[in-house]
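What follows is a single structure, written as structure tokens, with notes after it.
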Amino acid sequence: MRLSQLFFATLRDDPSDAEMPSHRLLLRAGYLRQLGSGIYSLLPLGFRVSQRVEQVIREEMDRIGTQEMEMPVVHPAELWKESGRYFKIGPELVRFKDRGERDMVLAMTHEEVVASLLRDIVKSYRQLPMMVYHFQTKFRDEPRSRGGLIRVREFVMKDAYSCDRDDAGLDRSYRLQYAAYERIFKRLGLEAIAVGADVGIMGGSGAHEFMVINEFGEDTLVLCDACGFADNQQIAMVGKPDPEPEDALPMEDVETPDATTIEALATFLGVPRSRTAKAAFFVTGDGRFIVAIVRGDYDVNETKLVNTVKARGGLRPATVEEIKARGMEAGYGSPLGARDAVVVVDELVVRSPNLVAGANRVGWHVRNVNVPRDYTPDHVAEITNARAGDPCPNCGTPVTLRQGIEVGNIFKLGTDFANSIGAFYLGEDGERHPVVMGSYGIGLGRNVACIVEAHHDDKGIAWPDEVAPYAAHLVTISAAKDPRVAEIADRLHALAAEAGRDILYDDRDESPGVKFTDAELLGMPWIVTISPRSLAAGGAEITRRATGDRRSVPLETLEGWLREGFAIPSDGPQAGASL
RNA sequence: CGGGGUGUGGCGUAGUUGGUAACGCACGUGCUUUGGGAGCACGAGAUCGUCGGUUCGAGUCCGACCACCCCGACCA
């Protein structure tokens with residue numbers, strides 16, 4: 001591909017609204033353009049990377065016997081009503097009517113379609129197990145997109161679905177996918193770690209998220225360096241040691257003007273935050289009022305809270321009026337005297353004696369509150385976030401917290417979709433059974449961005465060989481001065497094209513500075529320079545983009561590599577080699 | 001949806017007390033230049049996010065709206 005013909009433009013200045021390196025570089029190097037919030041066009045270079053990522057995923061899916069197919073982006077809403085997700089999912093599911101006034105949705109994912117296909121096609125246990133996948137556009141009207149390709153509203157995802165006779169079969173499929181994911185991320189040049197994850201709205205019995213560590217990551221990971229324990233903070237259960245035992249003292253009102261936060265309360269009373277109880281108020285999607293009590297030195301974990309109270313439709317913060325209506329006072333709240341509320345208490349609170357809690361009166365708290373002596377919980381469970389330094393549940397070593405980006409996930413769905421959509425098969429036993437499903441997703445664009453996050457320097461991108469849009473970037477210098485330069489470069493370019501592996505060829509009449517700077521920004525793994533100087537030194541100069549290692553190569557040798565698709569031998573340019 | 005911010009040519013920006021838009025990069029033409037974002041000359045490109053208001057006159061002042069970005073909420 002001649003750069004003079006390529007549909008792209010490099011930018012000298014950073015676009016002002018790009019913060020992450022991947023976003024900045026993909027924009028500056030001409031891989032990407034934004035159309036709207038969370039909506040992007042992939043320019044030819046970006047599309048080639050995406051296709052190469054896709055091909056890696058395809059090969060690994062095929063390798064474990066997953067069959068490629070394609071399912072639609074627009075679905076009749078009927079199907080989503082059958083699964084119930086039409087009612088459970090909020091505005092991120094785009095709904096509209098077609099010309100016939102029929103309710104339609106834009107696909108966020110494809111479990112319903114797979115289940116409906118199973119309903120039509122799978123009749124017998126002999127047809128199972130079976131796995132399918134496709135690469136397809138998803139649309140999710142995210143409340144807030146961010147970070148370039150990291151969180152978008154429209155994106156292409158590889159989603160795979162396993163279909164098994166029973167849980168044992170699901171476990172087997174899940175392990176196959178897990179292993180395939182490890183191979184995929186390794187080939188993509190990503191150091192992904194699998195963490196235990198919440199099953200969320202997908203339901204089901206287990207899930208892992210594949211995460212790459214990144215300071216811009218939206219998820220918090222709880223990691224143990226000693227034993228390898230890794231969970232998303234949403235579900236990480238860490239032990240909390242027993243507080244010092246004390247005799248329960250009688251409750252005692254204490255005036256606490258303006259102490260509406262734990263911080264202010266602890267300061268005002270001169271006690272550590274661990275001697276206070278924090279109340280948080282929520283309303284579930286099904287209309288129940290929840291008051292959650294955690295110790296003042298911990299934060300409420302909403303995922304755990306949702307799972308504890310089995311909240312359908314999630315949680316939203318309660319309004320001040322709703323809190324008052326239950327006999328409580330925001331800022332001075334506790335279950336003391338509360339009514340019509342589901343009281344959920346963190347298990348550590350039960351073990352912690354004589355805490356300061358809200359009096360449900362403005363300006364007042366109560367000392368020496370003890371559970372269950374002073375109020376009765378409806379649920380006692382761990383509903384707090386793990387903190388850095390808390391003991392690992394496996395080995396007791398203090399855990400660390402890191403931010404991560406989810407590059408892939410795998411879910412054990414179970415039988416919910418099959419049951420609701422009606423995907424049953426006849427077993428060997430002659431009985432009807434629901435198909436047991438699993439769901440496995442990888443977002444292409446997000447992976448492209450994460451590859452750049454992991455493979456760049458201050459000059460630009462440095463693609464791993466496996467995903468580079470072109471294997472090499474051919475640069476000519478002083479072509480106007482020495483006719484041999486263009487002649488040789490043209491020949492090398494043609495040779496690569498004939499060998500079926502196009503290379504990028506900067507045939508523009510630009511100054512050397514522009515050409516080298518662009519080559520480093522664009523990030524092909526090999527930069528090949530043809531110039532009067534390189535010819536005098538014996539042929540071409542080749543530079544490994546990632547390391548900067550550089551050496552002179554005879555033209556015949558280079559031609560040989562190009563015929564092999566620029567398969568440079570592993571003993572290519574060595575560090576320290578010079579012209 | 002709450003908080004903060006930004007909208008001026010493709011990108012980055014300037015624009016004073018209100019007087020009809022400027023600079024760098026990129027772009028076109030010509031000449032020179034060619035191993036690290038070249039030089040000179042000429043040139044094209046903006047109804048200043050939109051609508052309304054104040055004013056003789058609005059990029060600038062006022063109001064509403066829209067878009068985008070950041071933090072939070074949210075996130076199969």
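The model shown is predicted, which means the values in this text are computed figures rather than measured ones. So that the names make sense, note that chain A is the first sequence line, chain B the second, and so on, each numbered from 1.
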**Report entry** Euclidean distance for C1', B:G3 against B:G9 (whole angstrom)
**Finding:** 33 Å

Report summary line: Between A:Gly147 and A:Asp14, the residue closer to the 5' end of RNA chain B by nearest nucleotide is A:Asp14

**Report entry** Atom-to-atom span, CG of A:Asn232 to C1' of B:C75 - whole angstrom
**Finding:** 11 Å

Query - Inter-nucleotide P distance (B:G39, B:C1), Å rounded - result: 50 Å

Requested in this report: Can you tell me the pairing partner of B:A67 across any strand shown, Watson-Crick or G-U wobble, with both distances under 3.5 angstrom?
Outcome: B:U6

Report task. Starting from the 5' end of RNA chain B, give me the residue, A:Phe216 or A:Ser531, whose nearest nucleotide shows up first. Result -> A:Ser531

Query raised in the report: Do A:Arg508 and B:G37 have a side chain to base donor-acceptor pair shorter than 3.5 Å?
Result: no

Requested in this report: Would you indicate which nucleotide in B:A73, B:C69, B:G35 comes nearest to any side-chain atom of A:Glu302?
Outcome: B:A73

Query raised in the report: Between A:Tyr174 and A:Tyr181, does the ring centroid distance fall short of 6.0 Å?
Result: no

Query raised in the report: Under the salt bridge (charged side-chain N to carboxylate O under 4.0 Å, His left out) test, which residues partner A:Lys278, sequence neighbours left out?
Result: A:Asp299

Query raised in the report: Within the structure, does a side-chain N or O atom of A:Gln34 lie under 4.0 Å from either OP1 or OP2 of B:C69?
Result: yes

Report task. Give A:Tyr86 one of three labels, base, sugar-phosphate or nothing, depending on what nucleic acid heavy atoms sit under 4.0 Å from its own. Result -> nothing

Report task. Tell me the partner of B:C61, counting only Watson-Crick (N1-N3 plus N6-O4 or O6-N4) or G-U wobble (N1-O2 and O6-N3) with both under 3.5 Å; none if nothing fits. Result -> B:G53

Query raised in the report: Where does the angle between the aromatic ring planes of A:Phe281 and A:Phe289 fall among parallel (under 30°), tilted (30 to 60°) and perpendicular (over 60°)?
Result: tilted

**Report entry** For atom CG of A:Asp17 and atom P of B:C70, their distance in whole Å
**Finding:** 7 Å

Requested in this report: Counting heavy atoms from C-beta on, name the nucleotide in B:G35, B:G37, B:G12 closest to the side chain of A:Phe516.
Outcome: B:G35

Query raised in the report: How many Å lie between NE2 on A:His23 and P on B:C68, as a whole number?
Result: 13 Å

**Report entry** Complement of B:G28, any strand, by Watson-Crick or G-U distances under 3.5 angstrom
**Finding:** B:C42

Requested in this report: Remember a base hit wins even if backbone is also touched, and classify A:Thr303 as base, sugar-phosphate or nothing at under 4.0 Å, heavy atoms.
Outcome: nothing

Query - B:A21 versus B:U33 - spacing of their C1' atoms, nearest Å - result: 34 Å

Query raised in the report: What is the nucleic acid contact for A:Glu218, judged by heavy atoms within less than 4.0 Å: base, sugar-phosphate only, or nothing?
Result: nothing

Query raised in the report: Looking for any heavy atom pair under 4.0 Å, which part of the strands does A:Ser37 touch: base, sugar-phosphate only, or nothing?
Result: sugar-phosphate

**Report entry** Which nucleotide in B:G35, B:C75, B:G37 has an atom nearest any side-chain atom of A:Glu541
**Finding:** B:G35

Query raised in the report: Considering only B:C11, B:G35, B:C71, which nucleotide approaches the side chain of A:Ser534 most closely?
Result: B:G35

Requested in this report: Check every strand shown and say whether A:Gly30 touches a base, only sugar-phosphate, or nothing at a heavy-atom separation below 4.0 Å.
Outcome: nothing

Query raised in the report: Base, sugar-phosphate, or nothing: which does A:Arg316 touch, judged by heavy atoms less than 4.0 Å apart?
Result: nothing

Report task. Find the distance A:Arg146:CZ to B:U6:P and express it as a whole number of Å. Result -> 21 Å

Query raised in the report: So what does A:Met157 touch, heavy atoms closer than 4.0 Å: a base, only the sugar-phosphate, or nothing?
Result: base

Query raised in the report: How far does the P atom of B:A67 sit from the matching atom of B:U54, given to the nearest Å?
Result: 27 Å

Report task. In sequence, state the C-alpha distance, the side-chain angles, and the governing distance for A:Leu444 and A:Ile57, and then conclude on side-chain contact (heavy atoms from CB on, under 4.5 Å). Result -> CA-CA 9 Å; A:Leu444 293 190; A:Ile57 297 171; 3.6 Å; yes

Requested in this report: Once you apply the 3.5 Å cut-off to both distances, tell me the Watson-Crick or G-U wobble partner of B:U34, or none.
Outcome: none

Query raised in the report: Quick check: does any side chain N or O of A:His23 sit under 3.5 Å from a backbone N or O of A:Leu149, one acting as donor and the other as acceptor?
Result: no

Query - Atom pair distance, as rounded to whole Å: CD in A:Gln233 and P in B:C75 - result: 15 Å

Report task. For B:G53 and B:G10, measure between their C1' atoms and round to the nearest Å. Result -> 34 Å

Query - Short N-O contact, A:Arg544 and A:Asp549, less than 4.0 angstrom - result: no

Query - Sugar-phosphate, base or nothing in reach of A:Pro143, heavy atoms under 4.0 Å - result: base

Query raised in the report: Roughly, in whole Å, what's the span from CG in A:Asn385 to C1' in B:A73?
Result: 15 Å

Report summary line: Between CZ of A:Arg533 and P of B:G35 the distance, given in whole Å, is 7 Å

Requested in this report: Taking atom C1' in both B:G24 and B:A14, compute the distance separating them and give it to the nearest angstrom.
Outcome: 11 Å

Query raised in the report: With rounding to whole Å, what would you report as the distance between B:G12 and B:A46 at their C1' atoms?
Result: 16 Å

Query - Salt bridge A:Arg484-A:Asp482, side-chain N to carboxylate O under 4.0 Å - result: yes

Requested in this report: Would you mind building the protein contact string for nucleotides 21-34 of chain B? One character per nucleotide, 5' to 3', B for base within reach (heavy atoms under 4.0 Å), S for sugar-phosphate only, - for untouched.
Outcome: ---BSS-------B

Query raised in the report: For the base of B:C75, is there a side-chain donor-acceptor partner from A:Arg151 under 3.5 Å away?
Result: yes

Requested in this report: Could you work out the separation of B:U6 and B:C75 based on their P atoms and round it to a whole Å?
Outcome: 31 Å

Query raised in the report: Can you tell me how far C1' of B:G72 sits from CG of A:Leu315, to the nearest Å?
Result: 17 Å

Query raised in the report: Between A:Lys412 and A:Asp171, is the closest basic N to carboxylate O distance under 4.0 Å?
Result: yes

Requested in this report: Check for a donor-acceptor pair, side chain of A:Asp457 on one end and backbone N or O of A:Gly460 on the other, with a separation under 3.5 Å.
Outcome: yes

Report task. Test salt bridge (Lys or Arg N to Asp or Glu O under 4.0 Å) on A:Lys324 and A:Glu329 and set out the steps. Result -> CA-CA 6 Å; A:Lys324 275 190 193 296; A:Glu329 190 62 48; 3.1 Å; yes

